[in-house]
Amino acid sequence: MLVNGQDVQALGLTEAVGKDLLQGVANPAAQLQKVATSKSFAPGTRWTRFDSSLLMPNVIPAEAGKAKEDLTVYENVMAIVENQGETAFVQIGEMVRVGDV
């Protein structure tokens, strides 16, 4: 799932912060194409693990001019996959909790 305009509103982000966030997911097809054509993926590739730099989510407190509510964020997320006995890492980026998702 990618963050969208409704998520930005649900998070209570300012227009400027929301615009920056949405810009990072503006062209998902191109990003997916890069991953799909990498050497890490082939028929039979399987996901093995989710990992982030701190292994636990961080809470960013609400801040005037940026967000109305605290944000729960996983930073530097990557998927770890296995392809024919070889392990590879797929950089996901940041993940933000929106509601119960």
Side-chain angles (χ1 to χ4, degrees):
M1 293 178 46
L2 295 176
V3 67
N4 60 36
Q6 288 177 315
D7 297 331
V8 168
Q9 288 178 343
L11 291 169
L13 302 177
T14 63
E15 185 176 338
V17 173
K19 184 178 177 181
D20 286 345
L21 183 62
L22 292 173
Q23 194 170 28
V25 296
N27 194 351
Q31 296 299 323
L32 185 58
Q33 187 64 31
K34 286 180 192 177
V35 172
T37 58
S38 78
K39 295 178 183 178
S40 301
F41 287 92
T45 298
R46 66 184 189 89
W47 174 83
T48 59
R49 196 168 96 208
F50 161 90
D51 215 344
S52 71
S53 61
L54 297 176
L55 301 179
M56 296 176 57
N58 298 300
V59 175
I60 300 172
E63 183 177 335
K66 293 190 177 180
K68 292 186 291 185
E69 299 180 22
D70 294 348
L71 302 177
T72 302
V73 180
Y74 280 97
E75 296 184 41
N76 301 316
V77 173
M78 66 180 92
I80 300 169
V81 298
E82 184 179 309
N83 180 14
Q84 299 177 3
E86 297 291 323
T87 301
F89 302 94
V90 178
Q91 185 67 36
I92 305 296
E94 278 63 44
M95 294 178 67
V96 180
R97 180 178 179 184
V98 179
D100 286 333
V101 180

(request) Mind jotting down which residue pairs meet the salt bridge (charged side-chain N to carboxylate O under 4.0 Å, His left out) criterion with at least one end in residues 15-33? Sequence neighbours excluded, please. (result) none
Donor-acceptor list for residues 55-71 side chains, cut-off 3.5 Å, not counting sequence neighbours:
unit_1, atom_1, unit_2, atom_2, d
N58, ND2, E75, OE2, 3.1
D70, OD1, A62, N, 2.9

(request) Applying ring pair (Phe, Tyr, Trp, His ring centres under 6.0 Å), name anything that partners F50, two or more places apart in sequence or on another chain. (result) Y74
(request) Could I get the full list of side chain to side chain contact (heavy atoms under 4.5 Å, CB included) partners for A10, not counting sequence neighbours? (result) V98
(message) Is any side-chain heavy atom of S52 closer than 4.5 Å to one of N76?
(response) no
(request) Give the minimum heavy-atom separation between A79 and I92, together with the two atoms involved. (result) N-CG1, 3.9 Å
(request) Would you check if T72 and V96 make a side-chain contact, meaning some heavy-atom pair closer than 4.5 Å? (result) no
(request) Only pairs at least two apart or in different chains count here, so list each salt bridge (charged side-chain N to carboxylate O under 4.0 Å, His left out) that has a residue in residues 50-59. (result) R49-D51
(request) Starting from the C-alpha separation in whole Å, work towards a yes-or-no answer on side chain to side chain contact (heavy atoms under 4.5 Å, CB included) for V81 and T48. (result) CA-CA 5 Å; V81 298; T48 59; 5.7 Å; no
(request) Kindly write out the residues that satisfy side chain to side chain donor-acceptor pair (under 3.5 Å) with E94, not counting sequence neighbours, or none if the list is empty. (result) none
(request) Check which hydrophobic residues are tied to I80 through side-chain heavy-atom contacts below 4.5 Å, counting indirect links as well, and list them. (result) M78, F89
(request) Give every residue pair that meets the salt bridge (charged side-chain N to carboxylate O under 4.0 Å, His left out) criterion with at least one member in residues 77-86, sequence neighbours excluded. (result) R46-E82
